[in-house]
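Every chain is numbered from 1, with letters handed out A, B, ... down the list of sequences.
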Number of protein chains: 2
Amino acid sequence: MANISDVARTAGVSPATVSRVFNGGRVTAERAERVRKAAAELGFSPNRVARSLRMQRASVIGLLIPDIENPFFTSLARGVEDSAQRTNLSVVLCNTDEDVEKERRYLDIALAEQMAGVIVAAASRKRTDLSALTARGMPVVAVDRRPRAAAVDAVMVDNQHGGEDATAHLLERGYRRVACITGPAGASTSEDRLAGYRAAMHEAGVPDDWTRAHTRHADFRVDGGYAAMRELLALRTPPDAVFVANNLMTVGALQALREAGIEPPEFGVLSFGDVPWASLVRPPLTTVQLPSYDLGASAAALLQDRLAGSDKPLQTVVLRTVLQPRESTRGPDGAG
Amino acid sequence: MANISDVARTAGVSPATVSRVFNGGRVTAERAERVRKAAAELGFSPNRVARSLRMQRASVIGLLIPDIENPFFTSLARGVEDSAQRTNLSVVLCNTDEDVEKERRYLDIALAEQMAGVIVAAASRKRTDLSALTARGMPVVAVDRRPRAAAVDAVMVDNQHGGEDATAHLLERGYRRVACITGPAGASTSEDRLAGYRAAMHEAGVPDDWTRAHTRHADFRVDGGYAAMRELLALRTPPDAVFVANNLMTVGALQALREAGIEPPEFGVLSFGDVPWASLVRPPLTTVQLPSYDLGASAAALLQDRLAGSDKPLQTVVLRTVLQPRESTRGPDGAG
DNA sequence: TTGAAAGCGCTAACAG
DNA sequence: CTGTTAGCGCTTTCAA
């Protein structure tokens, strides 16, 4: 593999000149041409490791997501990638598996590899610790979930409002006993969506006791949704509708309903976030649609801003959700 | 950020000794202890960039996959990741989007970043070019798809056999006019599965003309499967069953069938590869099950072998598929 | 505009 | 077992 001195020698210039040609320094056109030709001839491409060492910063950003098998996050990842490509940053995808320990390891790697910055959908609100990075001046952007104590830019979804909207919609359509399956107690997304649900129920005059008794925390995965739904169905006063706080748990909940011989829209089902392969689900599901791609794109834009040296005060961008009514919440009487 | 000399100074030893402590060299217990203490005190962790530059090799491997939104590949990625973790390798995931150009860019990065090795599910059989890497001695393992000219280790699935099995199953169950939707003409997986289909049809005495007329190439995505299925249904002699060569296209095909008011098992549907969220599909789908996780794990194992210096001759590991009969191919008469 | 030279943090060869 | 030393390939002063 040819290096910068090889190129310099064949072009009859100094290594510094070659470096300038590749980094937009001032070089006369004639020399620059000679350098480019020599580089092409030798198949030279700059060694990024050496460059990173010298610059004390790599042109790679880390993207930490909690579940690579959740289409929400893969779509978010695409948003990041597309946006990053514009400034020639490459994206390293790390799957933390909702595991704070694994997440910590990846954060360490980001530091040790001198990545330019990190975008993270935190595994835990309380326990994810970004201070090691921020303390060393590495730009960090939180996306989708905001770790409690972190002083970082963030891109979020208006979870509470979305949850409130969703619940109000179910009540409007005539469901009387609306339950909620939300995520782990630690996560900001879980709690905000739950807060929205509670607010709407309270507003509708449902006693807080009832609401609390018909709330379940699960793990944002299919199995968790399944188990929670079964519990709810086994209650003395089972619900006639459910607001499920993420897409995968909705898949599980639907499964549990099917096994119990219950079908929407007689029983209302509303999912926060698009269910993967929604086209396969009958009847079509009412969902709160999340701007997953834009979430990623905005986060990357924010990060690139910081990398370019911006020292604006920290900001949080909140993206809107959109309620998409479909068959699964048509109403308990099956009318219209 | 403390560096190796800082640690050496506080521990009262030389940088070389510190390096040895962190890399398993021979150091007396007492000194090693002093070094570890100093390192902890200063919050030292070795700079991987400097190490990579010096060693001419990073402890990162690249994983190039064509579609991050396909659960088959995410599961494969998990296999790679879990296996890599055993030797402290981190995995960089790159989404090539079935785009040879994008793939080439990532391969360049792998080279420039001096990654330890690369595992690649090639975007194209003909046009994916791995020679730049192999020429520079970088270990490469092909997984799932084998670029034609590449001299690399590989982990594959017995696609042809799987396709043959699947088709034979449909014929056995009494379907008479079995069509096939396969992937892009360039991909090895497409062609091998198609070859299996053809062999089984030929064996059953179906004229090759008919078989050819009822074959469609699509792009391994949902929309492609949808369009292909619509074409097949519009034929003068429409099929009464279809063998679809990947999971996402099956989702599309099912959609097209539904729109046409056709439901399995009256019309037989068999998918090569598990359909995501299969639990949502009614009736349950017959599938050729692929060992996606093991594919990734084996590829990583092979790569680690090379990294450890193995110079065995190149090998190809072929993993078996398993036919999982379910409702969607019960037979055209709906009997049993 | 250009080149010489220093040095990013680490590991490995060598000498002790 | 330990320390000294050279250098991986690049960018960036500094002086010309």
Side-chain angles (χ1 to χ4, degrees), chain A residues 1-36 38-39 42-60 88 108-109 111-116 136-138, chain B residues 1-36 38-39 42-60 88 108-116 136-138 309:
Chain A
M1 191 79 181
N3 67 25
I4 202 171
S5 317
D6 298 334
V7 177
R9 210 172 311 117
T10 10
V13 301
S14 75
T17 300
V18 177
S19 172
R20 288 185 187 110
V21 169
F22 279 87
N23 295 291
R26 310 207 152 288
V27 180
T28 56
E30 186 264 336
R31 289 169 99 86
E33 190 43 47
R34 241 163 54 214
V35 167
R36 259 188 282 276
L42 299 175
F44 168 77
S45 87
N47 182 322
R48 295 162 73 115
V49 177
R51 160 187 283 198
S52 297
L53 178 60
R54 174 61 224 235
M55 311 241 291
Q56 304 283 57
R57 167 195 289 189
S59 54
V60 171
N88 273 316
D108 283 351
I109 290 179
L111 217 44
E113 294 276 7
Q114 303 187 161
M115 292 182 187
R136 283 179 180 70
M138 179 176 294
Chain B
M1 192 79 182
N3 67 24
I4 202 170
S5 316
D6 298 335
V7 176
R9 210 172 312 116
T10 15
V13 300
S14 77
T17 300
V18 178
S19 173
R20 288 184 188 112
V21 170
F22 280 87
N23 294 292
R26 311 208 151 285
V27 180
T28 56
E30 186 263 337
R31 287 169 101 84
E33 190 43 47
R34 241 163 52 215
V35 167
R36 259 187 283 275
L42 299 174
F44 167 77
S45 86
N47 182 321
R48 294 163 74 115
V49 177
R51 162 187 280 203
S52 296
L53 179 60
R54 175 63 226 235
M55 310 241 291
Q56 304 283 56
R57 164 192 292 187
S59 53
V60 170
N88 274 316
D108 283 351
I109 290 179
L111 217 44
E113 294 275 6
Q114 304 189 157
M115 291 183 188
R136 283 177 180 71
M138 180 177 293

- Worked check of side chain to side chain contact (heavy atoms under 4.5 Å, CB included) between A/Val35 and A/Val27: CA-CA 10 Å; A/Val35 167; A/Val27 180; 5.9 Å; no

When all nucleic acid strands are considered with a 4.0 Å heavy-atom cut-off, which category describes [X]: base, sugar-phosphate, or nothing?
X	result
B/Arg48	nothing
A/Phe44	sugar-phosphate
A/Val27	sugar-phosphate

Nearest-angstrom distance from the residue atom [atom1] of [X] to [atom2] of [N]:
X	N	atom1	atom2	value
A/Arg26	C/dT2	CZ	C1'	14 Å
B/Arg20	C/dC10	CZ	C1'	13 Å
B/Glu113	D/dC10	CD	P	13 Å
A/Gln114	C/dC8	CD	C1'	9 Å
A/Leu53	D/dT11	CG	P	11 Å
A/Arg51	D/dC8	CZ	P	19 Å
B/Gln56	C/dA13	CD	P	13 Å
A/Arg9	D/dC10	CZ	P	12 Å

- Item | Side chain of A/Asn3 (C-beta onward), nearest among C/dT11, D/dC10, C/dG3 | D/dC10

- Nearest of D/dT2, C/dC10, D/dT12 to any side-chain atom of B/Pro46? C/dC10

Distance check: side-chain N/O of [X] vs OP1/OP2 of [N], anything under 4.0 Å?
X	N	value
A/Arg31	C/dG3	yes
A/Thr17	C/dG3	yes
B/Ser14	D/dT4	no
A/Asn47	D/dC8	no

- Check the pair A/Val60, A/Glu113 against side chain to side chain contact (heavy atoms under 4.5 Å, CB included), reporting the backbone distance first and the verdict last. CA-CA 9 Å; A/Val60 171; A/Glu113 294 276 7; over 6 Å; no

- Starting at the 5' end of DNA chain D and moving along, which residue's nearest nucleotide shows up first, A/Val18 or B/Gly12? B/Gly12

- Output, in order, the C-alpha distance, side-chain angles, deciding distance and verdict of side chain to side chain contact (heavy atoms under 4.5 Å, CB included) for A/Ile4 and A/Val7. CA-CA 5 Å; A/Ile4 202 171; A/Val7 177; 5.5 Å; no

- A/Asn23 and A/Arg51: side chain to side chain contact (heavy atoms under 4.5 Å, CB included), yes or no, with the steps? CA-CA 11 Å; A/Asn23 295 291; A/Arg51 160 187 283 198; 2.7 Å; yes

- Message: Quick check: closest heavy atoms across A/Ala11 and A/Ala38, and the distance to 0.1 Å?
- Response: CB-CB, 3.9 Å

